[in-house]
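Data first, discussion second: the structure below is written as structure tokens.
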Amino acid sequence: MDKMRMRHKSRRAVLILCMALSLLLPACYSTFSGKFQAQEGIPQFIKRGQTTRSEVFDKLGEPLAHRFVAGTETAVYGNDRISFWFFYGSYEGHELVIRFENQIVSDVRIEKTGSGWGLFMQPAQFALPERSRP
Amino acid sequence: MNLKLVWGMGLLMFVLTGCFETTAGKIPLVDGKLPPFFQVGKTTPSEVLNRFGEPWGYREYENRSVMIYEYYWHTFGIVYGEHFQIYLVFEGNILKKTDVQRLQVAATAWGVNSSLK
């Protein structure tokens, strides 16, 4: 009788474990947001001294920010990448910063804005400061 | 299989769920202070842009401009995190003053946030 009870308990434990794993397995994904892909580098069509502002806006769309900073016209595009693989999640944020002189690209660079990781859940991206800029 | 072991694993997973770390911001603060790169009376906006990149916010009025950077970190289990805004005020293209404002000190546990300040 004791052996039967132990077997029953073991089967129940295995069933609970299988159910837990079946909930975790679908939690594998990778998602990104933004109009450029940071892991691909600077978009190839952008060339310093050649590409115009309108070409940039046509291909990448409206930027996150478009303003004059220290006298230089600047456009900023954002990119966030979140990955979750079984028990581990990671986050990386980047910005594509393009500076113009006389409406021609004078400088372009990718800047890292943040990173994070988390166990058994998405990294703390829910706690990130808002992307919107003043 | 031992049921206690399974429950123990479940509890461990629950605890580990609260483990995460996030850092955001282009100017890393140490103990809420700016790095020594910034020198009042010397540093220029272009030096800041070249070193730390595009600010989160920017405004300009006549001879005065302000760059605003954010710095944020949030870490581990029963979590402690801080959120700062960094104001760099320039006059005539030279750094006039710096201001680091702590916006929030937060404790977070398993997605439940509470702001302590």
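Below, each value reflects all heavy atoms present in this structure, side chains not excepted, and no hydrogens, waters or symmetry copies.
If you take CH2 on W56(B) and OG1 on T113(A), they are separated by 13.5 Å, rounding to the nearest 0.5 Å. Interatomic distance, CG of N50(B) versus CZ of R109(A), reported as 5.5 Å (0.5 Å rounding).
Using a 4.5 Å heavy-atom cutoff, the side chains of L49(B) and R99(A) are in contact. A heavy-atom distance below 4.5 Å is found between the side chains of K26(B) and E95(A).
Around CG of D58(A), the count of heavy atoms belonging to other residues, nucleotides or ligands within 6.0 Å exceeds 12. Around CD of E101(A), the count of heavy atoms belonging to other residues, nucleotides or ligands within 6.0 Å does not exceed 12.
Using a 4.5 Å cut-off between side-chain heavy atoms of Ile, Leu, Val, Met, Phe, Trp and Tyr, with links allowed through other members, F84(B) and F37(B) fall into the same hydrophobic cluster. No single ILVMFWY cluster, assembled from side-chain heavy atoms under 4.5 Å apart, contains both I94(B) and V89(B). In this structure, F68(A) is not a member of the same hydrophobic cluster as F100(A), with clusters built from ILVMFWY side-chain heavy atoms closer than 4.5 Å.
Looking at V97(A), the atoms closer than 4.5 Å to chain B (heavy atoms on both sides) all sit in the side chain, from C-beta outward.
Between R67(A) and E54(B), at least one side-chain N (NZ, or NE/NH1/NH2) sits under 4.0 Å from a carboxylate O, which counts as a salt bridge.
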